[in-house]
Protein chains: 2
Amino acid sequence: MSFYNFENTDPEAEDIHYMKLALAEAHKAIEADEIPIGAIIVSKNRIVGRGYNLTERFNDVTAHAEMQAFTSAAQTLGGKYLKDCTLYVTIEPCVMCAGASYWTQIGRIVYGAREEKRGFLSKNANLLHPKTILKGGVLADDCASLMRKFFEKKRL
Amino acid sequence: MSFYNFENTDPEAEDIHYMKLALAEAHKAIEADEIPIGAIIVSKNRIVGRGYNLTERFNDVTAHAEMQAFTSAAQTLGGKYLKDCTLYVTIEPCVMCAGASYWTQIGRIVYGAREEKRGFLSKNANLLHPKTILKGGVLADDCASLMRKFFEKKRL
C-alpha cells in the first residue's frame, strides 16, 4: 500500500457523519433497483456533489456514484478541480473512478468497505493523484452489508 | 507488457480507415479549442459511437473522448456491453478510460500514439478486461502531431 498517502487515524465523527450521507445515497440506489453504492463530495463542510449508481437506468456502465458526484461537484463549484474536496463513497472505488479522481486532483478520498475484486487497490499500482489522501474503513460493515443484502435478494 | 493481449500485426487498411475517422473527431475538438483527442467505436463495420474531448466545454475532467464514445455506443446498441466492438482512439487511453473499457468488456482497443506520462500502460498493471485485445501505433505520427501542434499554439 506504499503507493498511497494513507490516513492512519480511526474513523472520526465528521467522517462518520458524511459517510452516513453517502449511505443515504446508496439507499436511493436500492430504491431504483441499482447496485447500492453512494457518494458525496464535501468542500469546506458543504456538500457540493452527490451521486448513486445508475448503470441500469442509464444503460451505461460508466454511471457510477463517484462519476456523477465528480461531475456534480464540478458544476456546483464552477471549476474542474476538486483540490479542497473530500469524496465519501460507500465502497472502494474501481479503476475508472480512481482514474477520474486523478483528473479532479481531489484532496481526499474516504471509502467505506473494501472491494477486493474490482477495487483499484487490487491493482497494486499508483492510480490516484499524488496529492490525494486515502482513508478506508469508515462504517465499513454498514456499507458492505447493504451490498450483500442487495445481491442476496437478487439471487432469490 | 505481458498483462495485455497485444496484437502484433502491422496496421491494416481497416484500422487505418477507422483511425482516420477518430482523427476527424479529434479535429472537431480543435475547432472547439479542446485537447485534440478523438474516438469512435465500431461494431461489425458500423460506427456505433463517437466522441471527442470536451473537458473545457463541460467543465468536467471526465469528459474524455472515449467516455463519450462508450456512452453513445451503449445508447446506439441498446445494451451496456460492447463485446463485439472496437474502440479507435487517437491517443493511448488514461487510467479512467481504461477502467471504463473494463466495464464495457470491449472486444478490442486500437490507439494511435502513446501517452507516456498519463496513459494507462505506464501503470504497468492489468487494467483492461481480460478479453480486450490491444493494438497501438496506428497512424501514431498523425495522432501525436495533432497534440503537439495544439500545445505549441497554446504556448504562443
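A note on names: the letters A, B, ... follow the listed sequences, proteins ahead of strands, and every chain is numbered from 1. Note: hydrogens, waters and symmetry copies are ignored here, and every other heavy atom, side chains too, is used.
- In terms of heavy-atom pairs under 4.5 angstrom with chain A, the leader among B:N126, B:N59, B:V95, B:D60 is B:N59.
- Among the candidates B:M67, B:H64, B:Q75, the residue making the largest number of heavy-atom pairs closer than 4.5 Å to chain A is B:H64.
- Placement of B:F70 and B:L54 in two distinct hydrophobic clusters is found when ILVMFWY residues are connected by side-chain heavy-atom separations under 4.5 Å, directly or transitively.
- With hydrogens and angles disregarded, no donor-acceptor distance shorter than 3.5 Å links the side chain of A:K123 to the backbone of B:L127.
- Of the listed residues (B:T104, B:L82, B:V61), the one with the most heavy-atom contacts under 4.5 Å to chain A is B:V61.
- Pairing each heavy atom of A:K80 with each of B:T55, the nearest pair is CD-O, 3.7 Å.
- Heavy atoms of A:Y102 lying under 4.5 Å from chain B belong exclusively to its side chain.
- When every heavy atom of B:A100 is checked against every heavy atom of A:T62, the shortest pair comes out as CB-CG2, 3.9 Å.
- At a threshold of 4.5 Å between side-chain heavy atoms, the hydrophobic network of Ile, Leu, Val, Met, Phe, Trp and Tyr places B:Y88 and B:I133 in two separate groups.
- Grouping the Ile, Leu, Val, Met, Phe, Trp and Tyr side chains by contacts below 4.5 angstrom, directly or via other members, places A:I91 apart from A:Y52.
- At a threshold of 4.5 Å between side-chain heavy atoms, the hydrophobic network of Ile, Leu, Val, Met, Phe, Trp and Tyr places A:V89 and A:F150 in one connected group.
- Under the 4.5 Å side-chain heavy-atom criterion for ILVMFWY residues, a single connected hydrophobic cluster contains both B:I40 and B:I30.
- Most heavy-atom pairs under 4.5 Å with chain A, from the set B:S122, B:G78, B:A98: that is B:G78.
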